[in-house]
Amino acid sequence: MMRDELSAMVLSAARAAMDAGVLPHVVLPEVIIERPARPEHGDYATSLPLRLARAARANPIEIAKAIAERLPASDAVAAADVAAPGFINFRLAEAWIAAQVDAIIAAGDAFGDLALGGGARVQVEFVSANPTGPLTAGNGRGAAIGDVLASVLQAAGYDVEREYLVNDAGTQTEVFGRTLLARYQQLFERDVQIPEDGYPGEYMIDVARRLKDECGDAYVDAAVDAPPPEFVVRGVDLMVEAIGSDMERLGVHYDAWFRERSLYTAGEAGGAPYDEAMAVLRQRGSLVEKEGALWFASSELGEDKDNVVVRSTGRPTYFASDIAYHYDKFVRRGFERVIDVWGADHQGHVSRMKAAVEAVGVDPSRLEIIIYQLVSFRRGDELVRLSKRAGNIVLMRDVVEEVGADAARFFFLARSADSQMEFDLDLAKKQAADNPVYYVQYAHARIAGILANAQERGLPAEGGDVALLTHPLELELVRRMLQLPELVQMMAQTLEPHHLPHYAQDLATAFHAFYTECRVLDADHPPLSAARLKLCAAARLTLARALTLMGVAAPGRM
RNA sequence: GCCCCCGUAGCUCAGUGGAUAGAGCGCCAGCCUCCGGAGCUGGAAGCACAGGUUCGAGUCCUGUCGGGGGUACCA
């Protein structure tokens, strides 16, 4: 990547300047290569001279000159100008830029891939909503963020697994079971009520019907407050199926559906993860008994307070499960990094989870937790708050059905996880043609159309000489394409996939601008035509890659 | 009260401590003898407020105000 090369070049030039005695020997900070906002400042720039000025006790301009003079030669760099108050601005050679078109075509679908991750195993766990109901529209945001983050990390060279934790062991599962049994027995005209704190949704009746179809009246006399375990398990399975199919509709595929229950049973890998994790905590003195319950002594680790892991009833809490779960991820399964994507309502859980991971002997920096702010949905002027208990709930599958998986993903993705976002369903549906996602997809389809057209007319791209690409808009388009690897690197480092939709739009804009000004198919000028067809092919590849990373379709026509 | 996130254009949102803050929608004015007009070009309009750090702050720190979330032996 050009940026890395420039960084290395500046570093070696700075060292050369120091060795020559032109600069005093000072500790060099990381050489940051930025992209100037203004074209007249070149393609890349560094402010290293400004950063060095104080330590070196020298004028930044003089430092810049000293470094610029010693930069190693490069075919890619046409100029390295010193600019006030102490920048070095790099301008790429146009011939080099044009030549990258061939490089991109050669890279093909792998354009944008990096070796950054070195094959390290990373798990991305996302959504993991309780299997007590269908996914809400808000879950869609977590799904898009987690799925695309995983794709980005894969592109960056990590070995990635996508996982969904199925909470099938806790209190909510119990409530779910009691509700389900009541609904089931109601189908047999029994006079039973769903629990007060139960799940009133209609979908529970559908699940009950499925169970009735499968099991007949086997559970008609079961005690309502003590549903048979196999009955609940089957109910959960049906919900998990529904969740899986909702995810498929959004284009999300998991590698693993991890059962919370499995944390409590011994398996081939050894004893129950829960038992092992608790043993480690106990051994390290991180568990204290008080008020009849067992607590994780997190206040001794700098937390605000301790947290219950085993209730006075003897039942483990969700926190206990999560400790065992993360113990399993790191210690049992050996992931080098684990990324959890949680909604803002889990924010309070972050620091104690990290403390717990540390307490079981794992470097907490290996656990990275992405908190995304909650989404509010709007239908026209009406604001809809999401809650599984509320009647005005918006389901993820409804959103996907209304606006399409592509638009849904694109929109969920386009805002940073830190920002609350507003999703106007009416608008997304009504103005479908104005959606940015269509703009980007249209650019892709347009290029595909041109390439197909070229074939029909017998205008081959093969043999095109990209050195003929000298028009400013042609070069601007290539410059945009060259940003993709940098973007992948940045997103993999910051775990911020929201840059992707913005990049895709910019890339599409660059193409449209080029296309408006530059005639591609031109029988009167075959060489230029062939070169531009190559440019189109590279642009299509890059656009397709950006779309694919987002999980958005790259249509050949629309 | 305490903790976390956010206040950027009329609206929805971008903006790795840099050099004159961007996009989409909306608004105004233009562009089709020609490869896909679902396109292109131009214009009006903005960093909540007050201090601080820095050569340089939308970005970092502190405070105020405003919005959201958390603060359970729920998950």
Side-chain angles (χ1 to χ4, degrees), chain A residues 32-38 40-41 45-47 50-51 53-54 60 83-87 89 128-130 132 167 170-173 175 197 260 291-295 304-305 307-322 343-351 371-374 376 378 411 414-424 427 431-436 438-439 441-443 445-451 453-454 457 459 486 489-490 493-494 496 498-499 501-503 505-506 508-509 511-513 515-522 529 532-533 536 557-558:
Chain A
I32 297 169
I33 304 293
E34 54 196 73
R35 282 197 172 262
R38 311 188 61 78
E40 56 268 34
H41 295 141
T46 183
S47 58
L50 283 163
R51 292 170 208 283
R54 174 166 299 195
F87 293 100
N89 293 330
S128 300
N130 277 333
T132 53
N167 290 108
T171 309
Q172 293 309 311
T173 303
V175 174
D197 59 349
E260 182 186 4
E291 298 162 28
L294 192 62
W295 301 66
D304 291 348
K305 55 185 175 55
N307 296 95
V308 173
V309 285
V310 181
R311 300 178 177 90
S312 48
T313 60
R315 292 197 40 175
T317 60
Y318 156 82
F319 184 40
S321 274
D322 236 4
D345 52 339
H346 284 63
Q347 164 269 128
H349 191 54
V350 173
S351 64
I371 295 292
Y372 63 90
Q373 298 302 309
L374 271 15
S376 47
R378 206 162 36 133
F411 278 115
R415 281 87 176 90
S416 99
D418 284 340
S419 300
Q420 288 162 226
M421 70 172 287
E422 204 168 286
F423 203 126
D424 188 333
L427 195 71
Q431 303 200 333
D434 293 332
N435 281 344
Y438 289 96
Y439 176 81
Q441 288 181 318
Y442 174 70
R446 204 179 194 188
I447 303 172
I450 293 158
L451 294 174
N453 198 344
R457 297 195 195 184
L459 291 168
E486 292 174 12
Q489 181 183 51
M490 189 264 272
Q493 284 165 349
T494 60
E496 291 179 347
H498 72 273
H499 300 285
H502 299 281
Y503 171 73
Q505 279 184 88
D506 290 342
T509 297
F511 176 77
H512 287 311
Y515 181 78
T516 303
E517 287 297 315
C518 301
R519 175 95 204 164
V520 177
L521 303 181
D522 189 349
S529 193
R532 286 180 169 167
L533 276 168
C536 286
R557 80 166 76 128
M558 48 193 292

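If you're wondering where the values come from, they're calculated on a predicted model, not measured in any experiment. In the text below, chain A, chain B and the rest are named by the order of the sequence lines, each starting its count at 1.
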Could you check whether A:Glu291 gets within reach of a base, just the sugar-phosphate, or nothing at all, counting any heavy atom under 4.0 Å?
base
Roughly, in whole Å, what's the span from CD in A:Gln347 to C1' in B:G70?
5 Å
Anti or syn, where syn is a glycosidic angle within 90° of 0; which label fits B:C65?
anti
Whether A:Tyr439 contacts B:C40 is assessed here as follows: a side-chain N or O lying under 4.0 Å from the phosphate OP1 or OP2. Is that the case?
yes
Please report, rounded to the nearest Å, how far the P atom of B:C2 is from the NZ atom of A:Lys305.
17 Å
Looking at A:Gly170 and A:Glu260, what are the two nearest heavy atoms and their distance?
N-OE1, 3.9 Å
For B:G63, the Watson-Crick or wobble partner whose two distances fall under 3.5 Å
B:C49
Determine the interplanar angle of the A:Phe511 and A:Tyr515 rings, folded into 0 to 90°, and report it as parallel if under 30°, tilted if 30 to 60°, perpendicular if over 60°.
parallel
Rounding to an integer number of angstrom, what distance separates B:G67 and B:G24 when you compare their C1' atoms?
24 Å
Classify the nucleic acid contact of A:Arg457 as base, sugar-phosphate or nothing, counting any heavy atom under 4.0 Å across all strands shown.
sugar-phosphate
5'-most contact on RNA chain B (nearest-nucleotide basis), A:Glu422 vs A:His41, goes to A:Glu422
Are the side chain of A:Thr173 and the backbone of A:Asn167 linked by a donor-acceptor contact shorter than 3.5 Å?
yes
Checking contacts here: which listed nucleotide (B:G18, B:C6, B:G15) is nearest the side-chain heavy atoms of A:His498?
B:G15
Atom C1', compared across B:G7 and B:G15: separation rounded to whole Å:
15 Å
Nucleotide of B:G67, B:A38, B:G18 approaching A:Gln420 most closely (side-chain heavy atoms):
B:G67
Would you kindly give the CD1-to-P distance between A:Ile33 and B:U16, to the nearest whole Å?
17 Å
Hey, does the side chain of A:Arg532 reach the backbone of A:Arg519 with a donor-acceptor pair shorter than 3.5 angstrom?
yes
For B:G36, take OP1 and OP2 only and decide whether either is under 4.0 Å from a side-chain N or O of A:Asn453.
yes
Classify A:Ala417 by what it touches in the nucleic acid, base, sugar-phosphate, or nothing, heavy-atom distance under 4.0 Å.
nothing
Write down the partner of B:A72 under the Watson-Crick or G-U wobble criteria, each distance required to be under 3.5 Å.
none
Which nucleotide, B:U41, B:G36, B:C5, lies nearest any side-chain atom of A:Met558?
B:G36
Can you check the distance between B:G18 and B:G26, where both ends of the measurement are the P atom (answer in whole Å)?
32 Å
How about A:Tyr442 and A:His512: do any of their side-chain heavy atoms sit closer than 4.5 Å?
yes
Consider the side chain of A:Arg38, meaning its heavy atoms from C-beta on, and name the nucleotide among B:G36, B:U20, B:C73 that approaches it most closely.
B:U20
Verify, without hydrogens or angle tests, whether A:Thr317 (side chain) and A:Val310 (backbone) share a donor-acceptor contact under 3.5 angstrom.
no
Mind checking if A:Tyr515 touches a base, just sugar-phosphate, or nothing, with heavy atoms under 4.0 Å?
base
Distance check: side-chain N/O of A:Ser321 vs OP1/OP2 of B:A75, anything under 4.0 Å?
no
How would you label the contact of A:Asp506 with the nucleic acid (heavy atoms, under 4.0 Å): base, sugar-phosphate, or nothing?
nothing
B:C40 pairs with which nucleotide, Watson-Crick or G-U wobble, both distances below 3.5 Å?
B:G30
Measure CG/A:Asp424 against P/B:G26 and give the value in whole Å, please.
14 Å
Nearest to side-chain heavy atoms of A:Val520, which nucleotide of B:C35, B:C6, B:G39:
B:C35
What interatomic distance, in whole Å, is found between P of B:A48 and the corresponding atom of B:C11?
13 Å
For A:Gln373 and B:C6, what is the distance between atoms CD and C1' respectively, to the nearest whole Å?
7 Å
Scan A:Thr171 against the nucleic acid and name what it touches under 4.0 Å (heavy atoms): base, sugar-phosphate only, or nothing.
sugar-phosphate
Counting side-chain heavy atoms from CB outward, which of B:G18, B:G70, B:G24 is closest to A:Leu50?
B:G18
Out of B:G69, B:A14, B:C73, which has the shortest distance to the side chain of A:Arg415?
B:A14
Quantified in whole Å, what is the C1' atom distance between nucleotide B:A21 and nucleotide B:A9?
11 Å
The side chain of A:Ala83 lies closest to which of these nucleotides: B:C35, B:G36, B:A19?
B:A19
Please determine whether a side-chain nitrogen or oxygen atom of A:Ser419 lies at a distance below 4.0 Å from atom OP1 or OP2 of B:A14.
yes
Answer yes or no: does a side-chain N or O of A:Thr494 lie under 4.0 Å from OP1 or OP2 of B:U16?
no
Assuming nearest nucleotide by heavy-atom distance, tell me which of A:Pro85 and A:Ala448 is located more 5' along RNA chain B.
A:Pro85
Between A:Arg51 (CZ) and B:G18 (C1'), how many Å, whole number?
8 Å
Could you grab the distance from atom NE2 of A:His502 to atom CZ of A:Arg415, nearest 0.5 Å is fine?
6.5 Å
Write down the distance separating the P atoms in B:U64 and B:G43, rounded off to the nearest Å.
42 Å
ring centroid sep under 5.5 Å plus plane angle under 30, A:His499 with B:A14:
no
Using only heavy-atom distances, determine whether the side chains of A:Thr171 and A:Tyr318 contain a donor-acceptor pair under 3.5 Å.
no
For B:U71 and A:His349 - does any side-chain N or O of the residue sit under 4.0 Å from the phosphate oxygens OP1/OP2?
no
Nucleotide nearest A:Thr317 (side chain, heavy atoms from C-beta), chosen from B:A14, B:G67, B:A75:
B:A75
At 4.0 Å (heavy atoms only), tell me whether A:Glu40 reaches a base, stays on the sugar-phosphate, or touches nothing.
base
Within the structure shown, what part of the strands sits under 4.0 Å from A:Ala37 by heavy-atom distance: base, sugar-phosphate, or nothing?
nothing
For the backbone of A:Ile32 and the side chain of A:Thr46, can you confirm whether one donor and one acceptor N or O come within less than 3.5 Å of each other?
yes
Between A:Val175 and A:Thr132, is there a side-chain heavy-atom distance shorter than 4.5 Å?
no
Taking any heavy-atom pair under 4.0 Å as a contact, classify A:Cys536: base, sugar-phosphate, or nothing.
nothing
Both distances under 3.5 Å, Watson-Crick or G-U wobble: report the partner of B:G58, or none.
none
Opposite nucleotide pairing with B:U12, Watson-Crick or G-U, both atom distances under 3.5 Å
B:A23
May A:Tyr438 be described as stacking on the base of B:A38, applying a 5.5 Å centroid limit and a 30° limit on plane angle?
no
Between B:G63 and B:A75, how far is it from one P atom to the other, in whole Å?
34 Å
Once hydrogens and angles are ignored, does a donor-acceptor distance under 3.5 Å link the base of B:G39 to the side chain of A:Thr516?
no
Find the distance A:Glu34:CD to B:U16:P and express it as a whole number of Å.
12 Å
Between C1' of B:A14 and OH of A:Tyr503, the distance in whole Å:
16 Å
Given B:G24, B:A19, B:C35, which nucleotide is nearest the side-chain atoms of A:Ile450?
B:C35
How far, in whole Å, is B:A72 from B:G10 if one measures between their P atoms?
41 Å
